[in-house]
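In what follows, a structure is listed as structure tokens, so that the remarks can point back to it.
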Amino acid sequence: MARGLVKRNEDYSRWYSDVIREAELAEHAPVKGCMIIRPYGFAIWEAIQRALDDMIKETGHVNAYFPLMIPESLLKKEAEHVEGFSPECAVITHGGGRKLEEPLYVRPTSEAIICSTYAKWMSSWRDLPILINQWANVVRWEMRTRLFLRTTEFLWQEGHTAHETEKEAVEEVLRMLEVYRRLSEEWLAMPVITGVKSRSETFAGAINTYAIEAMMQDRRALQAGTSHFLGQNFARAYDMQFQGRGGALEYAWSTSWGVSTRLIGGLIMCHSDDQGLVLPPKLAPHQAVIVPIYRTDDDRAALLEAANGIAAEARALGVRIKVDDRDHLKPGAKFFEWEKKGVPVRMEIGPRDLESKQVVLVRRDLGKAGKEFAPMEGLAARLPGIFAEMQQALFDQALANRRDHTIDIDSFDGMREVLNGDLAFVNACWCGSEKCEALVKKETTATIRVIPDSGENNEGVCVVCGEAATRKPVWARAY
RNA sequence: CGGGGCGUAGCUCAGCCUGGAAGAGCGCCUGGUUUGGGUCCAGGAGGCCGGAGGUUCAAAUCCUCUCGCCCCGACCA
């Protein structure tokens with residue numbers, strides 16, 4: 001079995017760390033809660049960035065960059081916002097060898113600095129909308145951290161937009177929620193439920209927070225992205241005013257939305273297995289690897305020539321492929337290594353294969369059972385199709401896992417049993433009171449993950465208090 | 001912040017109880033051997049035993065203090 005990896009059913013938490021270590025995605029830094037993202041892990045992040053950045057631009061946004069440090073006074077202008085964040089802020093008190101007159105906050109998010117800048121940029125309704133995104137790092141002093149899922153410093157993108165009307169802003173929030181859904185489902189092969197958060201889970205200072213919520217293999221939920229409708233709250237706090245079409249001064253309607261390196265944690269817990277990482281082909285740094293198997297130098301030369309030929313052909317078709325020509329490792333060692341790193345397709349080629357003009361092809365998600373002899377003729381051209389099938393298979397598998405573990409429940413007892421037991425996504429009606437929500441959390445540690453936007457069959461009675469309910473949230477234990 | 005665990009070779013750790021020449025496995029370097037699922041053999045490099053103080057003829061080991069990290073609970077993307 002995979003050396004150095006515990007099995008998922010033995011200790012899921014340790015398995016998760018093992019996968020990251022063995023795949024060389026990241027490691028702990030000397031600073032508590034911080035991580036070093038290693039080149040292989042960062043390559044995955046770069047692939048996510050490329051895909052998302054394209055979508056962000058296709059939807060009319062541009063990138064910019066705002067400072068890491070925010071003056072305390074600026075952050076404190078939006079009371080609810082600062083209250084939500086101040087306990088987890090890192091504060092810089094000294095610089096240049098002396099105490100600063102005003103402390104600087106390391107951004108936990110950039111609403112304060114960006115909104116106050118937008119205020120200067122808008123004078124007329126013609127200046128709107130402002131549609132800007134930034135790729136940045138942020139710091140939140142979390143009590144408990146886990147690689148990728150929750151680190152003190154993390155990488156993300158944060159979009160910040162300002163609009164003339166409420167309608168436009170709401171449309172923007174939902175548009176970006178949809179972008180996140182597509183990123184997650186089409187690129188990470190990670191199915192998500194979209195919807196709005198309950199009040200207690202709403203971003204500090206926002207009117208509404210929308211989210212994409214995914215189920216991990218252990219049936220816990222992961223909030224994978226959020227899109228916030230900020231109303232005019234930040235406009236009032238940071239003076240984002242413009243002269244409207246009628247000539248009067250109006251407050252802008254703003255939004256913000258973000259996804260982070262947490263997505264990589266989701267990716268791991270959605271698809272990987274007891275052998276290690278499993279990557280969806282669309283995001284894999286290497287989509288395929290060719291391992292030559294030889295005895296003699298002559299064999300080696302001939303095989304490498306054949307392998308490089310296949311690789312060149314594949315690259316011409318846009319496939320990210322690697323020929324593992326390292327001479328000091330046996331083939332078996334290479335198999336294990338690429339397996340742990342989640343490379344979608346492995347091709348083995350030895351003298352016998354060369355003779356019969358074929359390779360042994362193994363899809364990562366199917367394992368040894370899925371080994372096939374593939375003719376070299378037309379092999380490169382087949383790869384994109386194989387990747388597409390695997391991409392779909394990963395999504396289908398994750399979706400099936402969610403369907404198999406989603407339950408409609410109408411009694412609090414039933415809810416307690418599931419959420420304190422094997423875990424699942426529980427669909428259960430809710431009256432909307434924070435008291436009922438808090439009681440569920442107290443007795444099960446589960447929370448409302450999202451109130452789905454599909455409006456069907458939501459009439460009922462609250463699973464906790466029995467009062468009339470019009471909402472049917474997804475309840476689950478979350479990361 | 002509470003509870004638990006751990007700091008010794010690049011990594012994983014043994015040694016500590018009962019003080020007396022710093023070890024193993026893996027990895028790394030050299031040479032040979034091997035190559036269709038983690039080759040084998042020989043040789044080699046590599047250490048302020050987390051830090052400070054104390055006890056002692058003598059401390060990785062005992063005592064005090066300290067710093068840090070990991071895991072489990074209360075907060076969060």
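Quick note on labels: first sequence line is chain A, next is B, and so on, each numbered from 1.
- Under the rule for a salt bridge (Lys or Arg N to Asp or Glu O under 4.0 Å), the partners of A/Glu178 that lie at least two apart in sequence or sit in another chain are A/Arg181.
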Contact letters for nucleotides 2-9 of chain B, in which S counts primed atoms plus P, OP1 and OP2 and B counts the base, heavy atoms under 4.0 Å: --------

With the criterion being N/O to N/O and under 3.5 Å, what pairs connect the protein with nucleotides 69-74 of chain B, and how long is each?
from: B/rC69; atom 1: OP1; to: A/Lys32; atom 2: N; distance (Å): 2.6
from: B/rC70; atom 1: OP1; to: A/His28; atom 2: ND1; distance (Å): 3.1
from: B/rC72; atom 1: OP1; to: A/Ser13; atom 2: OG; distance (Å): 3.4
from: B/rC72; atom 1: OP1; to: A/Arg144; atom 2: NH2; distance (Å): 3.3
from: B/rC72; atom 1: OP2; to: A/Arg144; atom 2: NE; distance (Å): 3.2
from: B/rC72; atom 1: OP2; to: A/Arg144; atom 2: NH2; distance (Å): 2.0
from: B/rG73; atom 1: OP2; to: A/Arg144; atom 2: NH1; distance (Å): 3.0

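- The side chain to side chain donor-acceptor pair (under 3.5 Å) test applied to A/Glu437 returns A/Ser198, A/Ser200, not counting sequence neighbours.
- Among the protein residues, A/Phe154 comes within range of the nucleic acid bases, having at least one heavy atom under 4.0 Å from a base atom.
- For A/Lys341 and A/Tyr40, the positive end sits near the middle of the six-membered ring, less than 6.0 Å away and at most 45° from its axis.
- For A/His271, the ring-ring contact (aromatic ring centres under 6.0 Å, His included) test picks out no residue, with sequence neighbours left out.
- Residues of residues 358-375 of chain A having a heavy atom closer than 4.0 Å to RNA chain B, listed by number: A/Val360, A/Lys368, A/Lys371.
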Expected list for residues 41-49 of chain A: side-chain donor-acceptor pairs under 3.5 angstrom, two or more places apart:
none

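- Legend: residues meeting ring-ring contact (aromatic ring centres under 6.0 Å, His included) with A/Phe148, ordered by chain and number and at least two apart, are absent.
- The phosphate of B/rC40 has neither OP1 nor OP2 within less than 4.0 Å of any side-chain N or O from A/Lys330.
- By the side chain to side chain contact (heavy atoms under 4.5 Å, CB included) test, A/Asp54 is found to be paired with A/Glu58, residues two or more places apart in sequence or in another chain being considered.
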Without placing hydrogens or testing angles, list every side-chain donor-acceptor pair under 3.5 Å for residues 281-291 of chain A, not counting sequence neighbours.
from: A/Lys282; atom 1: NZ; to: A/Glu186; atom 2: O; distance (Å): 3.1
from: A/Gln287; atom 1: OE1; to: A/Arg320; atom 2: N; distance (Å): 2.8
from: A/Gln287; atom 1: NE2; to: A/Pro281; atom 2: O; distance (Å): 3.1

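- Applying the ring-ring contact (aromatic ring centres under 6.0 Å, His included) test to pairs two or more places apart or on separate chains, those with a residue in residues 190-210 of chain A are A/His81-A/Phe203, A/Phe85-A/Phe203, A/Phe203-A/His228.
- Listed nucleotides B/rC75, B/rG37, B/rU35 differ in distance to A/Lys441; the shortest reach to its side chain belongs to B/rC75.
- Looking at residues two or more places apart in sequence or on another chain, you find no salt bridge (Lys or Arg N to Asp or Glu O under 4.0 Å) involving A/Arg295.
- Along RNA chain B, the nucleotide nearest to A/Pro351 and the one nearest to A/Phe85 differ in position, and the one closer to the 5' end is contacted by A/Pro351.
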